[in-house]
Q: 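Please find one structure pasted underneath; my questions will follow.
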Amino acid sequence: MPARLIVPLSLAVAMLVGRPAPARAQVAAGPLRVALACESSGRTKACPVFLRGLIAKSPLLLDSPRSNAQVVLYVATTEVAVLDRVHLRFVGDLAGAPHELELDVELDTRGSDDAQLAALEPGFVRGIALFVAAIDPGAVEIKLGTASAATAATTATSPWGTEVSAAGFGSWSGKYRTVNLSASASVSRTTPTSLVFVRIGSESGLQRQPTLAVDGNEVSLDTTSWGVAATVLVEHHLDRCWSVAAITSVSRDDPKGQYRFGWRGSAGIEWDRYASDDARGNVLAVAYGLGWQVDGYNFPNELGERFAQYPTHRLAAAGRIRRDKISYGLGLSLDGELLHPARRHRISGSPNIEIALGTHVDLTLSLSLTKRELPEPQIPPDDFEAISRGAYAAPFSAYGSASISIHWDRTNGAQNNRFQEI
């Protein structure tokens, strides 16, 4: 037979039949109960809107709470240029079906809702069909199709990207007025093994409020702040686990801030347990860097310095691990002056954890602790504005939050968004 007449068969793909299963099977098994868990939202409506719609669309599926679900669909999104890589992780405990199944779907964030939904649906169906077949084999059919002979057109791509952003906030309540503005611009070049990033940013704030009378004198409580900064980062992968980088930054504060000017430069090496494009966003990394720092202060410190320069080093570790019902995060860093660590150093730790304790209880805990040492700035005692912004010199700071959610969710799969967004 001539080669041109041979039609290759594609891999068999499980597809949900667009019709209800036979009545006898439906009565015996009922629809598959599916719980949707959006671990990150991304830039599209894939989770929860599109996926919840796909669940509601089929009579073979029922949107259910975690407490009685047969399958939990965990959804994580990674941004890749203009694409959202949506990672679907199906986890179930059904005889005849896999315990877990993972697959990726790429959505064009600039595409229409219909185009995004059309790209998402085949991946969702391919995964959920294996679980439907475990409770109702008659509801799934297997189709063999011919392999496409067409060659996909090559799309022109570029590793270069730019971003410009601006934000503002303001309030006016009689004599109380507040304005905060920020703006930034960045240029980057990103490949699987290298990164170049340049960013320039600024922020400013203004607060006006009535004066305070102290011993017959009026003390102004007004504050005006601004700052500008620029950063350049260059990174290169040595292999899957090791990478090196160089970073430099310059900054300037207003006359009441900490620095008249500042410059920092450093080079470092990092080890990573997971790939840089891990679909579930897992991170486990350790890095060490050496650098040089130049400071110009708005106020002299206790050593009489208005200017200082010194070598620095930094040791840091970060972890973010997500496994279905539990997400762990931890950031640790130790940095300071290399030759006189007791004079200038900073130790920080930031753990957080999100736990689905049970079928009806969720717990989130986060904590940030910082111990720092630096020569104390000598701020004049009558300079209220500078004193009110002097938290950067406090030797210790702690921030924490805790939340617990107890819920009993509806089990009928119904959706109703009326009066939810107005």
Side-chain angles (χ1 to χ4, degrees), residues 13 15-16 18 34-58 61-66 69 71-91 100-129 131 152-167 184 186 188 190-192 195 197 274-283 320 322-325 327 329 354 409 413-418 420-422:
V13 177
M15 299 288 288
L16 288 182
V34 182
L36 186 60
C38 300
E39 297 181 320
S40 57
S41 58
R43 294 168 292 181
T44 72
K45 294 187 287 187
C47 197
V49 177
F50 289 164
L51 287 169
R52 187 157 285 150
L54 292 174
I55 294 172
K57 175 181 176 182
S58 174
L61 306 175
L62 178 64
D63 187 10
S64 300
R66 190 177 66 231
V71 176
V72 180
L73 174 53
Y74 298 94
V75 184
T77 302
T78 303
E79 296 182 4
V80 183
V82 298
L83 299 177
D84 268 11
R85 181 172 297 157
V86 182
H87 186 72
L88 306 177
R89 175 177 166 81
F90 300 84
V91 178
E100 57 186 57
L101 174 67
E102 302 184 34
L103 52 90
D104 292 331
V105 179
E106 292 189 343
L107 305 182
D108 183 353
T109 61
R110 300 299 186 265
S112 66
D113 283 1
D114 289 341
Q116 293 171 0
L117 184 57
L120 178 65
E121 184 171 9
F124 169 75
V125 170
R126 189 164 67 251
I128 202 65
F131 298 92
T154 301
T155 302
T157 61
S158 171
W160 291 96
T162 59
E163 180 178 343
V164 177
S165 66
S184 67
S186 65
S188 62
T190 306
T191 74
L195 170 65
F197 178 80
Y274 296 96
S276 59
D277 59 350
D278 182 76
R280 293 163 64 187
N282 288 330
V283 174
R320 185 171 64 253
R322 181 165 52 221
R323 182 69 177 180
D324 300 340
K325 296 183 180 182
S327 177
E354 299 178 8
D409 308 288
Q415 298 184 54
N416 188 333
N417 67 354
R418 296 302 182 260
Q420 302 299 305
E421 299 186 20
I422 60 173

Q: Ala275: what forms a side-chain contact (heavy atoms from CB on, under 4.5 Å) with it, not counting sequence neighbours?
A: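 Result, side-chain contact (heavy atoms from CB on, under 4.5 Å) vs Ala275: Arg240, Asp277.
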
Q: To the nearest 0.5 Å, tell me how far Arg89 CZ sits from Leu103 CG.
A: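 Output value for this atom pair is 11.5 Å.
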
Q: As an exercise, state the distance from CG of Asn282 to OH of Tyr274, rounded to the nearest 0.5 Å.
A: 5.0 Å

Q: Provide the closest heavy-atom pair for Val86 versus Ala46 in the form atom of the first, atom of the second, distance.
A: CG2-CB, 4.4 Å

Q: Partners of Ala119 by side-chain contact (heavy atoms from CB on, under 4.5 Å), sequence neighbours excluded?
A: Leu107

Q: Please list, chain by chain and in numerical order, all residues satisfying side-chain hydrogen bond (donor to acceptor under 3.5 Å, both in side chains) with Gln116, sequence neighbours excluded.
A: none

Q: So which atom in Phe124 and which in Leu61 form the shortest heavy-atom distance, rounded to 0.1 Å?
A: CZ-CD1, 3.8 Å

Q: Minimum heavy-atom separation for Ser276 and Pro192, please, with both atom names.
A: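 Heavy atoms of Ser276 and Pro192 come nearest at OG-O, 4.2 Å.
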
Q: Once side-chain hydrogen bond (donor to acceptor under 3.5 Å, both in side chains) is applied, do any residues pair with Thr191, and if so which ones, sequence neighbours excluded?
A: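 Partners of Thr191 by the side-chain hydrogen bond (donor to acceptor under 3.5 Å, both in side chains) criterion, ordered by chain and then number, come out as Ser194.
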
Q: Output all residues satisfying side-chain contact (heavy atoms from CB on, under 4.5 Å) with Glu79, sequence neighbours left out; order by chain, then residue number.
A: Arg43, Asp84

Q: Which residue pairs pass the salt bridge (charged side-chain N to carboxylate O under 4.0 Å, His left out) test when at least one of the two sits in residues 110-122, sequence neighbours left out?
A: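 As it turns out, the salt bridge (charged side-chain N to carboxylate O under 4.0 Å, His left out) pairs with a partner in residues 110-122, which skip direct neighbours, are Lys45-Asp113, Lys57-Glu121.
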
Q: Taking only residues two or more places apart in sequence or in another chain, which ones pass side-chain contact (heavy atoms from CB on, under 4.5 Å) with Leu36?
A: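 Leu36: side-chain contact (heavy atoms from CB on, under 4.5 Å) contacts with Cys38, Cys47, Pro48, Leu51, Arg52, Leu73, Val75.
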
Q: If the condition is side-chain hydrogen bond (donor to acceptor under 3.5 Å, both in side chains), which residues does Ser165 pass it with, not counting sequence neighbours?
A: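 Applying side-chain hydrogen bond (donor to acceptor under 3.5 Å, both in side chains) to Ser165 gives Ser184.
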
Q: Can you check side chain to side chain contact (heavy atoms under 4.5 Å, CB included) on Leu83 and Asp108, steps first, answer last?
A: CA-CA 5 Å; Leu83 299 177; Asp108 183 353; 4.1 Å; yes

Q: Rounded at 0.5 Å granularity, tell me how far CG in Leu62 sits from CD1 in Ile55.
A: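 Separation between the atoms: 9.0 Å.
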
Q: What pair of heavy atoms forms the shortest contact from Ala37 to Val72, and how long is it?
A: CB-CG1, 4.4 Å

Q: Using the test side-chain hydrogen bond (donor to acceptor under 3.5 Å, both in side chains), find all partners of Glu106 that sit at least two apart in sequence or belong to another chain.
A: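 With neighbours one apart ignored, the set is Arg85.
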
Q: Calculate, to the nearest 0.5 Å, the distance between atoms CG and CG belonging to Leu54 and Leu117 respectively.
A: 5.5 Å

Q: Once rounded to the nearest 0.5 Å, what's the spacing between atom CH2 of Trp160 and atom OG1 of Thr190?
A: 9.5 Å

